Amino acid sequence: MKILVVCGAGASSTFVAQRLRRAAAGAGLDWDTSAGTEQTISASFADLVLVGPHLADHLSAIHAAAHCPVAVLPDDVFTDREGTRTLTIAQNALSHASHNSTSTAKGTS
């Protein structure tokens, strides 16, 4: 499973991606997580794109570029030091996408 975490400049998404990778590994999941920017989405293959809360107003463009499920992370995602809440959001988004023809989910806090 490849998860792309997107933010404005790629810096804060790097921390979220690392924490998500550790949480997924701790849960026994073989997930490849990486960080990027809105401009890198179309060049990246991903099974899921997680979007930083400050890019929520760009969701339509991100979804069109991603061609996969997209979930907006909550405002307090950066306080998720263990990555477990982010893991739950990702799992819910993937589950939602597999059970619903609409592939855009919103993370909750």
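Values in this document were obtained by computation on a predicted structure and should not be read as measured data.
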## Note on the structure
In this structure, CD of Gln91 is separated from NE2 of His96 (nearest 0.5 Å) by 15.5 Å
### Message
Atom CG of residue position Asp57 - does it have more than 12 heavy atoms of other residues, nucleotides or ligands inside 6.0 Å?
### Response
yes
### Residue pair Ile3 / Asp32, side-chain heavy-atom distance below 4.5 Å
no
### Query
When rounded to the nearest 0.5 angstrom, what distance separates CG in Leu55 from CD1 in Ile41?
8.0 Å
### Query
Would you find a donor on one side and an acceptor on the other, under 3.5 Å apart, between the side chain of His54 and the backbone of Gly8?
yes
### Query
For Thr14 and Val5, what are the C-alpha separation, side-chain angles and deciding distance, and is it a side chain to side chain contact (heavy atoms under 4.5 Å, CB included)?
CA-CA 8 Å; Thr14 298; Val5 183; over 6 Å; no
### Task
Measure from the side-chain N and O atoms of Thr33 to the backbone N and O of Ala17, and report whether any donor-acceptor pair falls under 3.5 Å.
yes
### Message
To the closest 0.5 Å, what do you measure between CD (Glu38) and CG (Leu59)?
### Response
10.0 Å
### Task
Report yes if the side chains of Val49 and Cys68 come closer than 4.5 Å at any heavy-atom pair, otherwise no.
yes
### Task
State, yes or no, whether a side-chain contact exists between Met1 and Asp30 at a heavy-atom distance under 4.5 Å.
no
### Task
Check for a donor-acceptor pair, side chain of Arg19 on one end and backbone N or O of Phe78 on the other, with a separation under 3.5 Å.
yes
### Query
Roughly how far apart are Thr86 OG1 and Phe15 CZ, rounded to 0.5 Å?
14.0 Å
### Message
Whether the side chain of Ser44 engages the backbone of Thr40 through a donor-acceptor N/O pair (distance < 3.5 Å, no angle test) should be reported.
### Response
yes
### Query
Taking 4.0 angstrom as the limit, do Lys2 and Asp47 come out as a salt bridge?
no
### Query
Is there a side-chain contact between Cys7 and Thr37 (heavy atoms, below 4.5 Å)?
no
#### Entry: Residue from Leu48, Leu73, Leu20 passing side-chain contact (heavy atoms from CB on, under 4.5 Å) with Ile89
Leu73
### Query
Does some side-chain heavy atom of Val6 sit less than 4.5 Å from a side-chain heavy atom of Ser13?
no
### Task
Start with the C-alpha distance between Thr84 and Glu82, add both sets of side-chain angles, then the distance that settles side chain to side chain donor-acceptor pair (under 3.5 Å), and finish with yes or no.
CA-CA 5 Å; Thr84 54; Glu82 301 301 318; over 6 Å; no
### Task
Identify whether the distance between the nearest side-chain nitrogen and carboxylate oxygen of Arg85 and Asp76 falls below 4.0 Å.
yes
